[in-house]
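Scroll down for the structure; my scribbles are underneath it.
Whatever order the structure lists them in is the order used to number ligands and atoms, beginning at 1. Residues: numbered from 1 along the sequence shown.
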Amino acid sequence: MEESPYTDLDRPPLSQRALTRALVRPGSLWSSLTVVGRTGSTNADLADAARAGAPEGTVLVTEYQSAGRGRLGRTWSAPPRSGLMFSVLLRPRVPPARLGWLPLLVGVAGATAVRRIAEVDVRLKWPNDLLAGERKLAGVLAERVDSGGDAAIVVGMGLNVSLRPDELPVPTATSLAVEKAACTDRDPLLRAVLREIERHYRDWTAAGGDADAAGLRSAYLAASATVGREVRVELPGDRVLTGTATGVDESGCLLVRTGDGERAVSAGEVVHVRPAR
Ligand SMILES: O=C(O)CCCC[C@@H]1SC[C@@H]2NC(=O)N[C@@H]21
């Protein structure tokens, strides 16, 4: 088996038993919760499980990933037990045009949980990066899986928890420890994130994926660090868009007012230029 490049195991493990007892209950969205010591990517594992017919609400958590996936073809890595890295399998019955709100929903849930448990003031860079100041604390990757029938979507989150400054993957990243969080215990953090996802997901699916009716758009805008700012958006295919971010549409696209009118962006890397006046 491929060895981890890290030797520092001076960090407490997650408790599958306690997490399962707290989260996997009759009537709960979460149907099973598994913690593994290591894997390639929890998103890849749950995509395989989805194709094999795994039910909605399957949760996979890992202490270490050797091939963690990020948005836009990037990677995600962290020393063992230093972060929260998990994926959930969801099968939302909402119109396909509204599915773009699901990763935003998970971002809102993460931000709420981190604020409450860790007492760190986080905001969301569109679509769903959790920022402390302008530095990235967590990211979300949603991947659609073709498993026949309803849409199956695997949503994964990586949250930097106890990484020291020298362990951060890039200078623009941060961790709860670096931000002097009130709590860096991953069990309560994971419980809070999953409970927040469940709460928003129930409201959103009950509203047929309508982000306004579910109160999701207002929650997202309240947490947004992007809307109202001047932005540069690096679009797929080396194109760049500049303008002012004005909102998020019913599909979860970022609306940007440019010199040529308003554009709806469905994918890309946002760079905050400076506050809009
Ligand atoms: O900001 C990003 O680019 C998204 C990062 C998402 C990382 C998480 S870690 C758990 C899950 N499994 C993966 O392979 N990726 C996501």
Original post:
Does one side chain, of Ser147 or Arg91, offer a donor that lies under 3.5 Å from an acceptor on the other?
Top reply: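 Side chains of Ser147 and Arg91: pair found under 3.5 Å.
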
Subject >> Flag for Tyr201-Glu196: side-chain donor and acceptor within less than 3.5 Å >> reply: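 No, because no side-chain N or O of Glu196 sits under 3.5 Å from a partner of the opposite role on Tyr201.
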
**OP:** Using a strict cut-off of under 4.0 Å between a residue heavy atom and any atom of ligand 1, list the qualifying protein residues by chain and number.
**Re:**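 If the criterion is a heavy atom under 4.0 Å, then ligand 1 touches Ser41, Thr42, Asn43, Gln65, Gly68, Arg69, Gly70, Arg71, Trp76, Met85, Phe86, Ser87, Asp129, Lys136, Gly139, Val140, Leu141, Gly156, Met157, Gly158.
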
Solution key, residues 176-184 side-chain donor-acceptor pairs under 3.5 Å, sequence neighbours excluded:
residue: Glu179; atom: OE2; partner: Thr174; partner atom: OG1; Å: 2.6

Are [X] and [Y] ion-paired here, with the side-chain N under 4.0 Å from a carboxylate O?
X	Y	answer
Glu143	Arg51	no
Glu198	Arg195	no
Arg74	Glu269	yes

